[in-house]
2 protein chains.
Amino acid sequence: MTTLCLAALQSAGTPRDVEANLAELDRAAAEAAADVLVTPELFVTGYDVGDLTGLAALDLTTRVSEIAARHGIAIVAGLPSPGPDGKVRNDAVFVDDTGQLLARYPKAHLYGDLDRRFHPGDQPPAQVTYRGVRFAVMICFDVEFPETVRTAALEGAEVVLVPTANMEPYAGVNEHLVWTRAWENQVFLAYVNRIGAEDATRYVGRSRVLGPDGRDLAQAGTGAELLRATIDTAEVARARSDFSYLASRRPPLYRLR
Amino acid sequence: MTTLCLAALQSAGTPRDVEANLAELDRAAAEAAADVLVTPELFVTGYDVGDLTGLAALDLTTRVSEIAARHGIAIVAGLPSPGPDGKVRNDAVFVDDTGQLLARYPKAHLYGDLDRRFHPGDQPPAQVTYRGVRFAVMICFDVEFPETVRTAALEGAEVVLVPTANMEPYAGVNEHLVWTRAWENQVFLAYVNRIGAEDATRYVGRSRVLGPDGRDLAQAGTGAELLRATIDTAEVARARSDFSYLASRRPPLYRLR
């Protein structure tokens, strides 16, 4: 049995103000009293804040690593990094409690006009084992494709971390879809959203941490909040002991190309 | 544009009383004023009613066909049929308004002890084009696997019909999962459930017909009800015009074996 505490920072951040966002992340890391702290998508810069080329050129990952090491907490943070074709990548980085970078995951499923700024990732969700727990990391629109979370679960993920920037009119994703992802894969899932507005985009908040039986372990409203949830990985096996969706699959019947 | 009226019979039926159930189906067919009438899983016999070998040996499909032809309405009905190994199959048949059998689909994903009576199907969801509309038919537990509905949608289904027998404590499937299936595939979906109890099984009712944008077109409570919904297949393209989940998939990143 492995038990671990997860914290989720639901916040509006400060559009394009990297120093303000890093200061907020530093405060959250100090207060979190958790093993892993997760931020929303592109928390370090803002999401619907125009061209990110200049901010992506800064060494934002190092700054996040410094905060992680300073407070002895692993951090999964959303930030941009330079990509090919003059576009940036929309990344989530996983740094451990010493500041070491364990994984960098670039968002693979890009959403509409807002994501045309980004060069898409070409890898499945990042898998990280930390403190004995198998994590998968994906970003926002990625989770809306059942294939993404299924791939992560089949490869052994116990906890799926999803920095997101989900907006009106898509609150059904928070209410129904992420529940379904946790349920149908019998995994923990943390969906960590932005709040407030950037440009014409109004975020819906309502971050959640769900258990592998679909129970809410923590749930936010539409305001700023630092959620906490205890992850006991024994619950994954417990959820699958009645019936296991993964074991009951019929792959020869699926035509998913 | 193709418009069609769908009716869904949410009912407890009468355990093991085929004549009573066929009489109820006959009444529903007379009242439905619809193009297609859908029943719950194993409506003709009952679901949690013990061994079905004897009842499966009766020619139940012909009886359903006679009802369809008599009232000039297509029927998608749940009934058992003889299978190999002394087990029966848990089928859904699709008969047209002349009583012709267009498809027979045996449940492929079997659920727990209750489904040990059945020989599993070995085919993807049945696809039927009727009155210009592409239907897929699957049964209960099948829909809980995202791969099943995705396969149907990728093969062109516009409307997914799901006779079911969903019980306590799984009402989250009705509330969240079937919404997610309609939403993530941008298809119509009818989830047609039993009510009441059979043996120790308490069904949750709450049948739904959802649009490809996740809107409820019809929704039942926990009592007997004949739901009706109008299906306008132009809504599928409309739902996909903002963004299309099917077109945004990244199959090279999925590892789904």
Side-chain angles (χ1 to χ4, degrees), chain A residues 107-115 120-125 138 141-155 169-186 210 213-216 242-257, chain B residues 107-115 120-125 138 141-155 169-186 210 213-216 242-257:
Chain A
K107 186 178 187 180
H109 296 83
L110 299 184
Y111 169 72
D113 287 340
L114 272 171
D115 277 2
D122 286 314
Q123 61 187 60
M138 60 187 66
F141 202 41
D142 289 326
V143 81
E144 299 181 29
F145 296 78
E147 295 91 342
T148 318
V149 187
R150 189 65 113 201
T151 295
L154 287 170
E155 296 191 346
Y170 303 123
V173 170
N174 303 53
E175 188 174 349
H176 303 301
L177 186 142
V178 299
W179 183 93
T180 301
R181 293 291 175 262
W183 176 263
E184 72 196 2
N185 293 289
Q186 301 173 305
L210 291 150
D213 57 357
R215 241 179 342 117
D216 270 302
D242 179 14
F243 63 89
S244 161
Y245 281 115
L246 296 188
S248 303
R249 295 171 71 243
R250 304 280 314 273
L253 308 188
Y254 310 147
R255 299 175 186 152
L256 297 169
R257 288 294 97 178
Chain B
K107 188 178 186 179
H109 296 83
L110 299 185
Y111 168 72
D113 288 339
L114 273 171
D115 277 0
D122 285 315
Q123 61 187 60
M138 60 186 65
F141 202 41
D142 289 325
V143 81
E144 299 180 30
F145 296 78
E147 296 90 341
T148 317
V149 188
R150 189 65 114 201
T151 295
L154 287 170
E155 296 190 347
Y170 302 124
V173 170
N174 304 52
E175 188 175 349
H176 303 302
L177 186 142
V178 299
W179 183 92
T180 300
R181 293 290 175 262
W183 175 262
E184 72 196 3
N185 292 290
Q186 301 173 305
L210 291 150
D213 57 357
R215 242 179 340 117
D216 270 303
D242 179 14
F243 62 90
S244 161
Y245 281 114
L246 296 188
S248 303
R249 295 171 71 244
R250 305 280 313 272
L253 308 187
Y254 310 147
R255 299 174 186 152
L256 298 169
R257 288 294 98 180

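First the proteins, then the strands, lettered A, B, ... as listed; each starts at 1. It should be emphasised that the depicted structure is a prediction, and the values quoted were computed from it without experimental measurement.
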A.B. asks: Where does B/D122 contact chain A at under 4.5 Å (heavy atoms): side chain, backbone, both or neither?
C.D. replies: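 Both parts, backbone and side chain.
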A.B. asks: Using atom types as modelled and distance alone, determine if a side-chain donor or acceptor of B/R181 lies under 3.5 Å from a backbone N or O of B/V149.
C.D. replies: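 No, because the side chain of B/R181 does not come within donor-acceptor range (under 3.5 Å) of the backbone of B/V149.
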A.B. asks: Taking atom CZ of B/R249 and atom CG of B/L154, what is their separation to the nearest 0.5 Å?
C.D. replies: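 If I round to the nearest 0.5 Å, the distance is 4.5 Å.
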A.B. asks: Would you compute the distance between atom NE2 of A/H109 and atom CD of A/E144 and round it to the nearest 0.5 angstrom?
C.D. replies: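 Rounded to the nearest 0.5 Å, the NE2-CD separation comes out at 10.0 Å.
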A.B. asks: If I measure from the heavy atoms of chain A, does B/Y254 come under 4.5 Å with its side chain, its backbone, both, or neither?
C.D. replies: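 Both backbone and side chain of B/Y254 come within 4.5 Å of chain A.
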A.B. asks: Do side-chain atoms of B/R150 reach the backbone of B/E184 as a donor and acceptor pair under 3.5 angstrom?
C.D. replies: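 Yes, the answer is positive, given that a donor and an acceptor are paired below the 3.5 Å cut-off.
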A.B. asks: For each of A/Y111, A/W183, A/Y245, tally heavy-atom pairs with chain B at distances under 4.5 Å, and name the one with the top tally.
C.D. replies: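 Ranked by contacts with chain B, first place is A/Y245.
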A.B. asks: Could you tell me which portion of B/Q123 (side chain, backbone, both or neither) has an atom closer than 4.5 angstrom to a non-hydrogen atom of chain A?
C.D. replies: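 Backbone only.
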